[in-house]
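Quick caveat, the model's predicted, so the values are computed rather than measured.
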Amino acid sequence: MAFHSRTNPIEVLNSFKGSTLVLPIVSIGNVPQFTADLLIHNLNLKSVAWLDDSLVHPFVSPVDYVEGNADTSIQDFSTSLEVYHNKDLKLAILQQRSPVLPGYTTQFYQQVIVPFINTSGFSKVLVLQSKDSAFKEQSDGSLYELYSNDLAANLSRLTVEEQTTKLKDPKELSPIIEILVNSLKNPELGLEMKPTPSCVNLLKLLETEFPHTVTLPAVSSSANLQQEPIKIVVLSIYVYEGDNISDAQVFAQRVYELLQIPQPATWVEPVSWKGVYGSRDSPVGMEGGIYS
């Protein structure tokens, strides 16, 4: 699996050690993606790398920014799997802007996401997911679902504990979460044969010729796997699909609580949000025209 960075990839990977990774799953209303946008632009995270996107739908876009705070010196573009980081907060976000190709979900998590997490040395992974309220089976008033291998500690940080359903099994969240959590707990599931010496030499040559790219070991011995157990937290929110900006703001508040970071008084929103659900007032009367 290829890891690309704007500077030395080894230094970038080392800078992640001990950080928390926020991982938004592409789900209903794109609420996790909107929430990640709020974290990126309100906590001043910088784009530092991107991952191999061959297992997700093709995507490219201009670099997003906050109005009045654009860095015109950056002539770049955004990709479907982009990594942001804030060293001071020890916080990283893998913004996934495109869904996984059908039939490749298990392969994507075992060969792309889990090797990245283990190689980077993250101490904690916070997974964000949205679920369809129309298919909610329980009518107990709960808005959130929380799973963690350290459930008590994370639940106590939420101010909406009474609105949160505590889950002990990741398969209760969704099939995708079950695949991801099980892959993190058992990283050897994604391992294949150990690379041959010629393959290792080829990788070293590629790293020399292309200094901003490094291949992460999706295949290796257990010595290269993360030694300390990773703390896993999964937070889900129930929403209806529509204008989900307010859902993202509410969800971001819960994420701030789990990360134990002071919340901003007002949210800073990127320019890409303008016109997402329509930014003009609806025309009134016939003079507006039916299609205006």
Undergrad: Please tell me whether Ser19 and Lys124 have a donor and an acceptor in their side chains that are separated by less than 3.5 angstrom.
TA: no

Undergrad: Between Glu145 and Thr164, what is the shortest heavy-atom contact and its length?
TA: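 Closest heavy-atom pair between Glu145 and Thr164: C-CG2, 4.4 Å.
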
Undergrad: Report yes or no: does Arg157 contribute a side-chain atom to a donor-acceptor pair with the main-chain N or O of Leu258 at less than 3.5 Å?
TA: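 Here the side-chain-to-backbone pair exists.
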
Undergrad: Strictly distance-based, threshold 3.5 Å: is any side-chain N or O of Glu82 a donor or acceptor partner for the main-chain N or O of Gln96?
TA: no

Undergrad: Side chain to side chain donor-acceptor pair (under 3.5 Å) with Ser80: which residues, sequence neighbours excluded?
TA: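 Only Asp53 meet the side chain to side chain donor-acceptor pair (under 3.5 Å) criterion with Ser80.
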
Undergrad: Can you say whether the rings of Phe122 and Phe16 are parallel (under 30°), tilted (30 to 60°) or perpendicular (over 60°)?
TA: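 Parallel.
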
Undergrad: Take Ile93 and Val83 through the test side-chain contact (heavy atoms from CB on, under 4.5 Å) and record every step on the way to the result.
TA: CA-CA 6 Å; Ile93 295 176; Val83 184; over 6 Å; no

Undergrad: Do Ser142 and Gln163 have a side chain donor and acceptor closer than 3.5 Å?
TA: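 No, no side-chain donor-acceptor pair sits under 3.5 Å.
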
Undergrad: May I ask whether Tyr240 and Ile245 are part of the same hydrophobic cluster, defined by side-chain heavy atoms of I, L, V, M, F, W, Y residues being less than 4.5 angstrom apart, directly or through others?
TA: no

Undergrad: Are Ile25 and Ile117 joined in one hydrophobic group, where the rule is that I, L, V, M, F, W and Y side chains link up if heavy atoms are under 4.5 Å apart?
TA: yes

Undergrad: Over all heavy atoms of both residues, which pair between Lys136 and Leu143 is shortest? Give the atoms and the distance, please.
TA: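 Between these two residues, the closest heavy atoms are NZ-N, 4.3 Å.
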
Undergrad: Test of understanding: clusters of I, L, V, M, F, W, Y form through side-chain heavy atoms closer than 4.5 Å, transitively. Do Leu173 and Ile230 belong to the same one?
TA: yes

Undergrad: Taking only distance into account, with no hydrogens and no angle test, what donor-acceptor pairs under 3.5 Å do side-chain atoms of residues 261-269 form with protein atoms, sequence neighbours excluded?
TA:
residue : atom : partner : partner atom : Å
Gln263  : NE2  : Gln253  : O            : 3.1
Glu269  : OE2  : Gln249  : NE2          : 3.0

Undergrad: Any idea which heavy atoms bring Leu94 and Pro24 closest together, and the distance?
TA: O-CD, 3.0 Å

Undergrad: Between the side chain of Asn244 and the main-chain N/O of Gly242, is any donor-acceptor distance below 3.5 Å?
TA: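 Confirmed, Asn244 side chain pairs with Gly242 backbone.
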
Undergrad: Within the side chain of Asn86, is there an N or O that forms a donor-acceptor pair under 3.5 Å with the backbone of Leu89?
TA: yes

Undergrad: Hey, is the main chain of Ala49 close enough, under 3.5 Å, to the side chain of Ser5 for a donor-acceptor pair?
TA: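 Such a contact is absent between Ser5 side chain and Ala49 backbone.
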
Undergrad: Please check if Val26 and Val125 belong to a single hydrophobic cluster, counting links between Ile, Leu, Val, Met, Phe, Trp and Tyr side chain heavy atoms closer than 4.5 Å.
TA: no

Undergrad: Look at the aromatic rings of Phe116 and Phe3 and report parallel, tilted or perpendicular, splitting at 30° and 60°.
TA: parallel

Undergrad: For a side-chain contact (heavy atoms from CB on, under 4.5 Å) check, start with the C-alpha distance between Ile176 and Thr105, then their side-chain angles and the critical distance, and finish with the verdict.
TA: CA-CA 7 Å; Ile176 291 178; Thr105 299; 4.2 Å; yes

Undergrad: Are Leu45 and Trp50 connected in a single hydrophobic cluster, I mean Ile/Leu/Val/Met/Phe/Trp/Tyr linked by side-chain heavy atoms less than 4.5 Å apart?
TA: no

Undergrad: So which atom in Pro62 and which in Ser78 form the shortest heavy-atom distance, rounded to 0.1 Å?
TA: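 Residues Pro62 and Ser78, closest heavy atoms: O-OG, 3.7 Å.
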
Undergrad: Strictly distance-based, threshold 3.5 Å: is any side-chain N or O of Glu178 a donor or acceptor partner for the main-chain N or O of Glu172?
TA: no

Undergrad: Would the number of heavy atoms belonging to other residues, nucleotides or ligands and lying under 6.0 Å from NZ of Lys231 be above 12?
TA: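 No, because the 6.0 Å sphere around NZ of Lys231 holds 12 heavy atoms or fewer from other groups.
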
